[in-house]
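Each remark here refers to the structure printed beneath this line.
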Amino acid sequence: MSAWDGDDRGKVPVRDDVEEFAALLRQLKDRTDRSYGSLARRLHMNTSTLHRYCAGEAVPQDFAPVERLAAFCGAAPEERLELHERWLRAVAARQRPRTAVPAPEPEPEPKSEPEPGPAPHPWYRRRRTLVAAAAATVLLATLGTLAALPGDRSTTDVASRSPGSSRTTAAGGAQRHNTSPVGSTPSPTSPTPTLTSTSTPSSGGAQPSSPAAVPLTWTADSQLWELGCDHDYVIDKQPAQVPPPPAPQDAGPWAATQSAVHGGNTIVEVSVQGRSSTAVVLEDLRVRVVGRTAPAPGIAYSTADGCGGGLTPRYFDVNLDKDRPIARPVAGEGPDGKTVSTMHLPYRVSATDPEVLRVKANTAGCDCRWYLELDWSSQGRSGTVRIDDHGRPFRTSSIKGLKHYWYGSVDGVRQWVPVD
């Protein structure tokens, strides 16, 4: 029996894609005994925002908060697949012109000839539409499931107490969201490469620990914008060659096709979750800069478009220009201007209690390549997880002294306009 069975879709006719998506969110929320306020705090969201999503009054522009809700509520991989498909449909529905709504037509009867292979699971309803195909393509390329996320990266088991490291991903695992491109232009729909297990022994010659022994999983998204609407990219092209700025949820593919580099800062959101109910303590978060060169050539293009006020989540601030950058906790700002307390490690996670770490790395003088190291401990063991951009360092370049453009209107024509 599917976890979606018994939902309210069979009782209340669903009139559009937004309501179908909202119905799934309500089912996830109902699995917990938490109020909207309590659940929103765990997901680092505004209570009214979460309520509007579940009521079908709004659709998130980024799948990240939906993924956090699914993780917290224990959604199965199959459920997350359908949830992602419904989200894509809902976003597309919101972007359609608000004209007269035609009466819903009944779905065509299925073909009489049987399809090969075993019957599909009861929860899954096959939709032969372009949206379903797009959802499957995007999901394979960008979305990692809870059951098959990248494993330990650069882990040292406390049992050996010998220097050494290993970097692995779980078999078949995939990171979510294609993040900042570094020296290449991958296809937005090309599958994420699977990293094989490797080791880099130090002079001690230690053996890498088993990936199965790592008690946590993680995903990272570096395509976040300030207040969800403002970010700079360095692109080595003239304005006439650069397309209009994307919607926030399309930032990854857009940046990849333009060979764009994060300008001035990079905001990385790391979702960390235990593999079981056993607690895992996140001991420390460190920054490792692996390369500094002169700032990348090009022009700074801003995605800002009349950003209004918004919530500022707490985060770790990193100055990449320092010789030894440190991740310093910074308080956020919640509703009514109330301060959100800083997040001081250590912090505890498990399979039912995930956590989100947000890091904002800044530079004013270099083209920096860097990654994060997250120390953990659990049941007498400890290790270090390397957090990077699909096996590559994150990349952030200064925009100091560069020409700066934003997308505005000149004589009624939308185009890239120099920043005054």
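Note that these values count all heavy atoms, side chains included, but never hydrogens, waters or copies made by symmetry. Note that the numbering runs from 1 along the sequence shown for the chain.
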Is the closest side-chain donor-acceptor distance between [X] and [Y] under 3.5 Å?
X      : Y      : value
Asp232 : His404 : yes
Thr266 : Thr396 : yes
Thr384 : Trp376 : no

Tell me whether [X] contacts the main-chain N or O of [Y] through its side chain, where contact means a donor paired with an acceptor under 3.5 Å.
X      : Y      : result
Arg348 : Val280 : no
Arg275 : Val214 : yes
Trp254 : Pro244 : yes
Arg26  : Cys54  : yes
Ser378 : Ala279 : yes
Asn319 : Asp321 : yes
Gln241 : Gln238 : yes
Ser377 : Ser382 : no
Thr257 : Pro253 : yes
Gln61  : Pro248 : no

Exercise. Only one of Trp87, Phe21, Tyr53 clears ring-ring contact (aromatic ring centres under 6.0 Å, His included) with Phe63; which?
Worked result: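 Going through Trp87, Phe21, Tyr53 one by one, the ring-ring contact (aromatic ring centres under 6.0 Å, His included) with Phe63 is satisfied by Trp87 alone.
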For this session: Start with the C-alpha gap between Val289 and Leu320, add the side-chain angles, then the distance that decides, and say whether side chain to side chain contact (heavy atoms under 4.5 Å, CB included) holds.
Result: CA-CA 7 Å; Val289 176; Leu320 296 173; 4.1 Å; yes
For residues [X] and [Y], determine if any side-chain heavy atom of one lies less than 4.5 Å from a side-chain heavy atom of the other.
X      : Y      : value
Val410 : Val417 : yes
Tyr315 : Val330 : yes
Pro354 : Val272 : no
Ile267 : Val359 : no
Leu50  : Leu39  : yes
Asp221 : Gln223 : yes
Asn362 : Val318 : no
Leu374 : Leu357 : yes

Measure across [X] and [Y] and return the closest heavy-atom pair with its distance rounded to 0.1 Å.
X      : Y      : value
Gly56  : Val18  : O-CG1, 3.4 Å
Trp370 : Ala361 : CZ2-CB, 3.5 Å
Val66  : Pro60  : CG2-CG, 3.6 Å
Gly298 : Val234 : CA-CG1, 4.3 Å
Ala260 : Ile235 : CB-CG1, 3.7 Å
Val290 : Pro393 : CG2-CG, 3.8 Å

Roughly how far, to the nearest 0.5 Å, is the [atom2] atom of [Y] from the [atom1] atom of [X]?
X      : Y      : atom1 : atom2 : answer
Glu85  : Leu24  : CD    : CG    : 10.0 Å
Leu83  : Leu25  : CG    : CG    : 6.0 Å
Ser271 : Arg358 : OG    : CZ    : 10.0 Å
Gln27  : Cys73  : CD    : SG    : 11.0 Å
Asp388 : Leu372 : CG    : CG    : 9.0 Å
Ser397 : Arg292 : OG    : CZ    : 13.0 Å

Exercise. Does the cation-pi check pass for Lys360 over Phe316, that is, NZ or CZ under 6.0 Å from the six-membered ring centre and within 45° of its axis?
Worked result: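 Not satisfied by the 6.0 Å and 45° rule.
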Problem set entry | Tyr371 six-ring face occupied by Arg386 cation (under 6.0 Å, within 45°) |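 Yes, a cation-pi geometry holds between Arg386 and Tyr371.
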For this session: Kindly assign one of parallel, tilted or perpendicular to the pair Trp416 and Tyr301, based on the angle between their ring planes and the thresholds 30° and 60°.
Result: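 If you compare the ring of Trp416 with that of Tyr301, the planes turn out perpendicular.
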Problem set entry | Parallel, tilted or perpendicular: rings of His231 and Tyr233 (30°, 60°) |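 Plane angle over 60°, so perpendicular.
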Does [X] have more than 12 heavy atoms from other residues, nucleotides or ligands lying within 6.0 Å of its [atom1]?
X      : atom1 : answer
Arg34  : CZ    : yes
Arg324 : CZ    : no
Arg52  : CZ    : no
Lys237 : NZ    : yes

For this session: List the steps, then state whether side chain to side chain contact (heavy atoms under 4.5 Å, CB included) holds for Arg395 with His262.
Result: CA-CA 7 Å; Arg395 184 179 176 187; His262 290 294; 6.0 Å; no
Problem set entry | Check against salt bridge (charged side-chain N to carboxylate O under 4.0 Å, His left out), Glu82 and Arg89 | CA-CA 11 Å; Glu82 182 173 2; Arg89 291 174 180 270; over 6 Å; no
Exercise. Thinking salt bridges, do Arg68 and Glu269 make one under a 4.0 Å N-O criterion?
Worked result: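 Salt bridge flag = yes for Glu269 with Arg68.
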For this session: Test Ser302 against Asp230 for side chain to side chain contact (heavy atoms under 4.5 Å, CB included), laying out the working first.
Result: CA-CA 7 Å; Ser302 173; Asp230 185 6; 3.7 Å; yes
Exercise. Is there a side chain to side chain contact (heavy atoms under 4.5 Å, CB included) between Glu373 and Val385 once you walk through the steps?
Worked result: CA-CA 6 Å; Glu373 293 178 332; Val385 175; over 6 Å; no
